Every structure is written in structure tokens, then in C-alpha cells.
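To keep things clear, I will list the structure first and then write my remarks on it.
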Amino acid sequence: MEQQSFATSSTTSRKKSDFLNIIKTVTGLNSSSSSDTGKGRSKSSSNRVVHGFHLVEGKSGHDMEDYHVAEYKTKKNHELGLFAIFDGHLGDRVPSYLKDNLFKNILDEPSFWKDPEMAIRNAYRSTDKFILENSTRLGQGGSTAVTAIVIDGKDLWVANVGDSRAVLCERGSANQLTVDHEPHTERRRIEKQGGFVITLPGDVPRVNGQLAVARAFGDQNLKAHLSSEPDVTHVPIDSTIEFVILASDGLWKVMNNQEAVDLVKSVKDPQAAAKRLTTEALARKSKDDISCIVIRFGC
């Protein structure tokens, strides 16, 4: 996700960051060349789920601020596929915390097995509350999130805050499961809470002229005008559901939903599919961090 437009770090910090970037370039360690990739599969003998991921650091002049989760857990005799992308801004402490704790908080909710939606909403709220209460340790930054929980290969629960997105492929057609929480679409709520939305020439709408999303975890200085309330969607998985793409806005800035689905629907290896998507986003000159997970069903 784009950084806040008004710098909050000191001139000294910026100079240090610029110097480190120069050293990385000279030594061949420039962040734009680094990537994280892998794949895995569920252990269930039926309703098999496979996934692949590929993350590439962008060229926006800051260190990588994206984190991901892609793993399987067994709990109460159910197999859970846990997948997420956290797109941070103003540092990586908040997305790093979310990577380690958000799913734990969701699964620890007493209502999870009876009412997954309520558990997800409660956990998003309590997690954001903890981040704000511990801003001295976790910093003033924040993070968007898109999370997916696959239960026994039969049920998909997707939630998000911010502009990272989940797109489902059903019979070859793209279906966006998440809502892009953009400032202009939530202007009325933001203004009612005492904030404002402004679009400077050549820029995107921003909350208080700073943040390009209306919902996020953290962001202590803007929280009075931001929301951490997720949108939650449930999809029963049947034979018409082929795969789902989770990706940060570094992908969606340069590619629409159907383009992404068409690009990888014939690629059976989900890791290769995720890499193809990130590679195409780079070819289309995306400058932001690009993170992508592809989850295939019935393999």
C-alpha cells in the first residue's frame, strides 16, 4: 500500500534510508530483486486444497512492509487452511504482529465454530485495540489485511480491511469477495467523525491528506477517522469453485479481476500462478510491494 503522503520521519532518518538503498544497489542487494516464494497442500484425503505464494519487494524507496500467512492447522478434528496478506505502511511492526497473532485471536474466539463471522469481527476489533494500546512498542504505522480461512476444504471465510483484495474464480469468471475501502467511498463516515478526504493534483483520495485507505489496523494518529471493521464473506466450496487469489494492491493497481483470473486459470501449479501474477504486475510497472497467494480447490 502507498505510504502516507506527509512524511513523519526526520530528515536524518530519510538520509539514512537513502544511504542504505544506495549500498543495496551497489552491492546487488537492492530490495526490488528480493522475493519470497513457496507452496503447500492440505493433508486431508478429501476436498484437497493446494496453495502457492510469491512476494516481491517494490521500488517505492522503503523496505518490504508486506507479510503473509499460508499454513494448515488441525483443531477440534477440523483441518483449517489459514491464508493472509498484510500490507503495512510507515514500518513493518504492525503487519509483523498481525502475521503472528491475528489468526490465533480469531481461533481463540469462543464463537468461532458456531459463528465464524462473529469470531472474525470480534478478533479484528480486539486485535486493533491491542495494537493501538501498544503503539509505543508497535509504532504509529498500520496495515491493511485480507484473510481467508478454509474449513475442511468445504467452507471459505474471507475478511478484509483496506485495499488488499480476494478474487474468486468460479467457472472461469472473476468474483471479487472483498471491498476496497477507499476514502472517497467512506467520505460521509470520515467527515462525521471529524476528519476529511482530500485529493491533491495527481494523487489519490486520502484521509486527512495522508492515508489512501479508509480502514486499517493501527494508525494511532488517524484512528479517530479510520475503521478496523472488516467486511466478511462466506463461500461454500463446490465443484464450480476453482481457485481464489489473495493479493496486495501492488497487483490490483495494474490489473483488473478478470485479467488476473484469465492469466492463471490454466496454470495448475499455484506457486507458478502466484509468480506469474507478480511478474506481470512488475512488467506493468507496479512500483509497490506485490504479494500474492493462489489457493486451488479439489486438486
Side-chain angles (χ1 to χ4, degrees), residues 1-2 24 28-42 48-60 62-72 81-89 92 95-96 98-100 102-103 143-150 156 158 160 162-169 174 176-178 180 242-297 299:
M1 190 180 69
E2 290 186 1
K24 288 179 182 179
L29 296 175
N30 189 279
S31 61
S32 63
S33 64
S34 64
S35 63
D36 186 9
T37 190
K39 60 182 175 181
R41 63 173 57 243
S42 66
R48 191 63 67 105
V49 179
V50 298
H51 75 271
F53 61 89
H54 196 79
L55 292 79
V56 178
E57 192 167 334
K59 301 178 181 180
S60 298
H62 59 77
D63 290 338
M64 182 67 160
E65 295 174 332
D66 283 10
Y67 283 78
H68 82 286
V69 175
E71 62 183 11
Y72 302 91
L82 307 176
F83 307 95
I85 288 174
F86 305 113
D87 183 356
H89 44 272
D92 66 352
S96 176
L98 292 169
K99 174 184 183 296
D100 294 334
L102 182 56
F103 280 122
S143 179
T144 70
V146 57
T147 60
I149 301 176
V150 180
L156 172 65
V158 171
N160 83 299
D163 55 4
S164 292
R165 189 182 298 174
V167 174
L168 185 75
C169 176
Q176 184 170 326
L177 301 179
T178 52
D180 294 344
E242 299 174 54
F243 60 89
V244 63
I245 301 168
L246 307 183
S248 62
D249 67 326
L251 179 75
W252 306 116
K253 285 176 181 175
V254 296
M255 196 179 308
N256 67 40
N257 297 342
Q258 193 62 51
E259 285 177 320
V261 164
D262 289 344
L263 190 66
V264 298
K265 63 184 178 183
S266 63
V267 182
K268 299 304 180 184
D269 181 343
Q271 182 183 13
K275 186 173 183 179
R276 178 174 290 187
L277 286 166
T278 57
T279 300
E280 178 63 21
L282 288 171
R284 297 187 184 196
K285 309 301 182 185
S286 178
K287 303 296 184 185
D288 204 352
D289 298 333
I290 309 166
S291 302
C292 182
I293 302 172
V294 176
I295 308 160
R296 277 197 168 272
F297 304 107
C299 295

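Because the structure is a prediction, the values reported are computed rather than measured.
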- Kindly compute the distance separating CD1 (I293) from CD1 (I85), expressed to the nearest 0.5 Å. 4.5 Å
- So CD1 of I295 and SG of C169: to nearest 0.5 Å the spacing works out to 13.0 Å
- Task: Count the heavy atoms of every other residue, nucleotide or ligand shown that sit under 6.0 Å from NZ of K265, and state whether that count exceeds 12.
- Result: yes
- For the side chain of S286 and the backbone of G250, is there at least one donor-acceptor N/O pair under 3.5 Å apart? yes
- Message: Could you check whether any side-chain N or O of D289 sits under 3.5 Å from a backbone N or O of E65, counting only pairs where one atom can act as donor and the other as acceptor?
- Response: yes
- Item | Rounded distance [0.5 Å steps], CG in D66 versus CG in D36 | 11.0 Å
- Query: With a 3.5 Å cut-off and no angle check, do the side chains of T178 and N160 form a donor-acceptor pair?
  - Reply: no
- Message: Please check this pair: side chain of D163 against backbone of R165, looking for a donor-acceptor N/O pair closer than 3.5 Å.
- Response: no
- Message: Would the distance check show the side chain of E71 and the main-chain N or O of L82 forming a donor-acceptor pair, the cut-off being under 3.5 Å?
- Response: no
- Can you tell me how far the CG atom of L246 sits from the CG atom of L251, to the nearest 0.5 Å? 11.0 Å
- F53 vs H68 aromatic rings, parallel, tilted or perpendicular, using cut-offs 30° and 60°? tilted
- Donor-acceptor pair, E57 side chain versus M64 backbone, under 3.5 Å? yes
- Message: Would you compute the distance between atom CG of N257 and atom CG of L168 and round it to the nearest 0.5 angstrom?
- Response: 10.5 Å
- Query: Can we say E280 and R276 salt-bridge, meaning some charged N sits less than 4.0 Å from an Asp/Glu carboxylate O?
  - Reply: no
- Task: Find the distance between CE (M255) and CD1 (I290) and round it off to the nearest 0.5 Å.
- Result: 8.5 Å
- Shortest non-hydrogen separation from S248 to S164 and the atoms involved: CA-OG, 3.5 Å
- Message: Which residues pass the ring-ring contact (aromatic ring centres under 6.0 Å, His included) test with F103, not counting sequence neighbours?
- Response: none
- Message: Any non-hydrogen side-chain atom of V244 less than 4.5 Å from a side-chain atom of V150?
- Response: no
